[in-house]
Protein chains: 2
Amino acid sequence: MINIAVAQSGGPTCAINASLVGVFKESLKISEIDAIFGSINGIEGIIENHLVDLKSIILTNNDVELLVQTPSTVLGSCRYKLPDWHEDEEVYKKIVKTLKQRNIGAFLYIGGNDSMDTVNKLSEYFRNISLDVKVIGIPKTIDNDLCITDHTPGFGSAAKYVATTMHEITRDSIVYSIPSVTIVEIMGRHAGWLTASSAVLHAMGETAPHLVYVPEVSFSLEGFLSDVRQEMSKHKAVIVAVSEGIEVPEGVQSGVVDNFGHKYLSGIGKYLEDIVRREIGCKVRSVELNVMQRCSSHLASKTDIDEAEAVGSAGVRCAMEGQTGKVMVFRRISETPYTVVIETADAQYIANNEKYLPDNFINQSGNNITDSAIDYFMPLIQGDISLITEHGIPKHFAIHESVLKM
Amino acid sequence: MINIAVAQSGGPTCAINASLVGVFKESLKISEIDAIFGSINGIEGIIENHLVDLKSIILTNNDVELLVQTPSTVLGSCRYKLPDWHEDEEVYKKIVKTLKQRNIGAFLYIGGNDSMDTVNKLSEYFRNISLDVKVIGIPKTIDNDLCITDHTPGFGSAAKYVATTMHEITRDSIVYSIPSVTIVEIMGRHAGWLTASSAVLHAMGETAPHLVYVPEVSFSLEGFLSDVRQEMSKHKAVIVAVSEGIEVPEGVQSGVVDNFGHKYLSGIGKYLEDIVRREIGCKVRSVELNVMQRCSSHLASKTDIDEAEAVGSAGVRCAMEGQTGKVMVFRRISETPYTVVIETADAQYIANNEKYLPDNFINQSGNNITDSAIDYFMPLIQGDISLITEHGIPKHFAIHESVLKM
């Protein structure tokens, strides 16, 4: 009999708790697994021996269902980067102490690029000291920027939010008789996946978003203004989707000053809004989708949530088969009907790497998205989860604040 | 036989098109009504004789259902204030010309405070020139700041969005182990209704929002910082709801400079974020719910949408009974079960007035909301509409851009 531990790391998504449920439910089925420990605040919980017995917290089927529909990370999160163990072994010793004390034979880490670095380092270290603890990564990120895997859990729900909201913002923007520009700032760090997903509206016959700027294409203010002017000649209300990660003149994104000496406390959307106001002089506003794009679980994609749970379950099986240092990945084997299989990849190839939009997903002008991209996005946003509500509001599963504190 | 005209005005909501559907469906039932004209861009469409025959655009039951779930104003909107006709009769003459030419016997205006000013002025003018055109106001505003009526269509859906999203932001905010403050900026102009609605989470056992600042209470930065520090001693992640309309040091809201000489391009949330960062020095962020709070029809309250349609229908009946210069209002006659009746009020008492949160809805300290307020909000956010989707995204009804242009 062994115990297992699971932790969640990095930025919140709508699907991380579904992966936790996958780990939990699969572990319950496996007779060799006794306790299922949740590590509080990612790897920090293992380091500090701050674990909770999940069976004592997730008590009923209703709890499980609530957990699936709860956004963010119910076990807390962290942004902790392990040092190279050749240089600093101290924290590794703490981790080993906890694992041994708790008789943990497998550690499942749900996270993004940085967390897969932890999976890679820990599995290497354990191999080196001959400690039989399997380490498996369960991917998640709304940025969809993990290598090898077709896509990442969390992305589909974020994309569904972005497309739905962009649709509604389009309706909101078109009402007045004067020409206007609406700039929607979308997350995704250095990759344009999430911003590009707003273009699925084109499949619904919408002309919006009329312009889409992603970090994969070098951005010029002159080109942007020229694009906006051209779209304004065709549409009364021009809708622009822009990635938070596009590169603009130095100093803007760092929040210092722009070329014009203005201080910008906000992001790229607000910056471009001001440029349009000054240079074109029309009605203009910017909308930052902010954390809502990663935590709006009321709009979660069923495909995404189901896959997130499946990949959590698969991770447990993978560990019990004796694998370690692996990350669970999706391979898309058919577009119609959409079919994926879950496979494994070495964590070292996923850790600290980023995957960008391929060239054929971006149009020739570099200011919009192609049909190939829309075909890729479409299956990921399908289906709705049926929500348990209370007082008209979706309910959440939460661990009491006092448990989350050290 | 007469024709009728309907128009939509002011800021978008999720329920304005439901009121349009109410007008449309009721008019179809009444044999004395022939054509149902939609005026493009509010009263501007009447002035410019820019009308569309709604029967030629809304063709099927499916169109009607789509229209109900479409946010914003399908006929466009305006921010047009009629002059006093004693001083400037020119535009009134244009209006009369259109009404006579199109044989319009009743005009239904769906809008907020300003639109009810138009209802009042037009009905007075028509009485004065003995023109038999009835003018009826159908209220809407997410601000919920219209006098006399218990609440306004559009508010319930916005409140449901605010509460649901605040719930999700709370989950998102609590994940890291370091103390943090999250400031959520909410619309509502000079009234705190929408901001206060975020406190319905208390009924679900949430401690968030821990602080709620509404324009009805005078705001002090010192008090705010003291409140935040006190909540930080109790909660790791402090969640603050703040109205866009609270009064802060001069110059901030006007976008010029604050006391510290900084230029603020954003709203109050960003301003307070910066104050917390400087004075308390903890992790802090601000989230502006922006236009999403008024256009997220995927989260519409069924109660709100049904009432919006009912009040549109009632407006037509009211006009056909020969009333004019009236606004349709709700009176809540029972809390349990929640029951409202639709009545009429004179437009002159609603036009250009605002209704604020009553004292008993605000706590003694002036920094949170009472249970009485929550009891008031709760029935307004109940129920979900079943959405027609395409490609995983709620569909919308839209009139072609070329029709909306003059």
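Quick note: numbers below take in every heavy atom, side chains included, and nothing from hydrogens, waters or symmetry partners. None of these values were measured; they are calculated from a predicted model. Just so it is clear: chains get the letters A, B, ... in the order the sequence lines come, proteins before strands, and each one is counted from 1.
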Within the distance-only criterion (no hydrogens, no angle test), does the side chain of A:E288 pair as donor or acceptor with the backbone N or O of B:E288 below 3.5 angstrom?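 No; zero donor-acceptor contacts below 3.5 Å.
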
Got a donor-acceptor contact below 3.5 angstrom from the B:N41 side chain to the A:V175 backbone?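 Confirmed, B:N41 side chain pairs with A:V175 backbone.
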
Between [X] and chain B, with a heavy-atom cut-off of 4.5 Å, which part of the residue counts as in contact: side chain, backbone, both or neither?
| X | answer |
| --- | --- |
| A:N290 | side chain |
| A:Q8 | neither |
| A:S286 | backbone |

Side chain to side chain contact (heavy atoms under 4.5 Å, CB included) between A:E44 and B:S177: does it pass, once the steps are laid out? CA-CA 9 Å; A:E44 290 176 11; B:S177 54; 3.2 Å; yes

Option that, when pairs with chain A are counted at under 4.5 Å, heavy atom only, ranks first among [options]:
| options | answer |
| --- | --- |
| B:A398, B:S301, B:G76, B:C295 | B:C295 |
| B:T389, B:T165, B:L299 | B:L299 |
| B:A237, B:G383, B:S297 | B:S297 |
| B:T13, B:V287, B:T73, B:L289 | B:V287 |

Under the criterion side chain to side chain contact (heavy atoms under 4.5 Å, CB included), I'd like the reasoning laid out for B:V291 against A:R285: C-alpha separation, chi angles, the key distance, then a yes or no. CA-CA 10 Å; B:V291 297; A:R285 64 180 172 182; 3.1 Å; yes

How long is the span from the [atom1] atom in [X] to the [atom2] atom in [Y], to the nearest 0.5 Å?
| X | Y | atom1 | atom2 | result |
| --- | --- | --- | --- | --- |
| B:R79 | A:I178 | CZ | CD1 | 11.0 Å |
| A:I169 | B:S72 | CD1 | OG | 11.5 Å |
| B:D172 | A:S77 | CG | OG | 10.0 Å |
| B:T164 | A:H396 | OG1 | NE2 | 8.0 Å |

Please name all residues satisfying side chain to side chain donor-acceptor pair (under 3.5 Å) with A:D304, sequence neighbours left out, ordered by chain then number.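 Partners of A:D304 by the side chain to side chain donor-acceptor pair (under 3.5 Å) criterion, ordered by chain and then number, come out as A:S157.
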
All side chain to side chain donor-acceptor pair (under 3.5 Å) counterparts of A:K160, not counting sequence neighbours: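 A:D384.
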
Minimum heavy-atom distance [X]-[Y], with the two atoms named:
| X | Y | answer |
| --- | --- | --- |
| A:Y161 | B:M292 | OH-CG, 4.0 Å |
| A:G10 | B:Y176 | O-OH, 3.4 Å |
| B:H391 | A:I381 | O-CD1, 3.4 Å |
| B:S296 | A:E168 | CA-OE1, 3.2 Å |

Between B:K395 and chain A, with a heavy-atom cut-off of 4.5 Å, which part of the residue counts as in contact: side chain, backbone, both or neither?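 For B:K395, backbone and side chain are both near chain A.
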
In chain order, what residues pass the side chain to side chain contact (heavy atoms under 4.5 Å, CB included) check against A:A7, with sequence neighbours excluded?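 Only A:S39, A:F107, A:Y109 meet the side chain to side chain contact (heavy atoms under 4.5 Å, CB included) criterion with A:A7.
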
Could you check whether atom CG of A:D371 has more than 12 heavy atoms from other residues, nucleotides or ligands sitting under 6.0 Å from it?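 12 or below, so no.
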
Strictly by modelled atom types, are B:H298 and A:H167 linked by a side-chain donor-acceptor pair under 3.5 Å?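 Distance-only check fails for B:H298 and A:H167.
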
Using a heavy-atom cutoff of under 4.5 Å, enumerate the residues of residues 202-209 of chain A that contact chain B, numbered in order, or state 'none'.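 So the qualifying residues are A:A203, A:M204, A:T207.
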
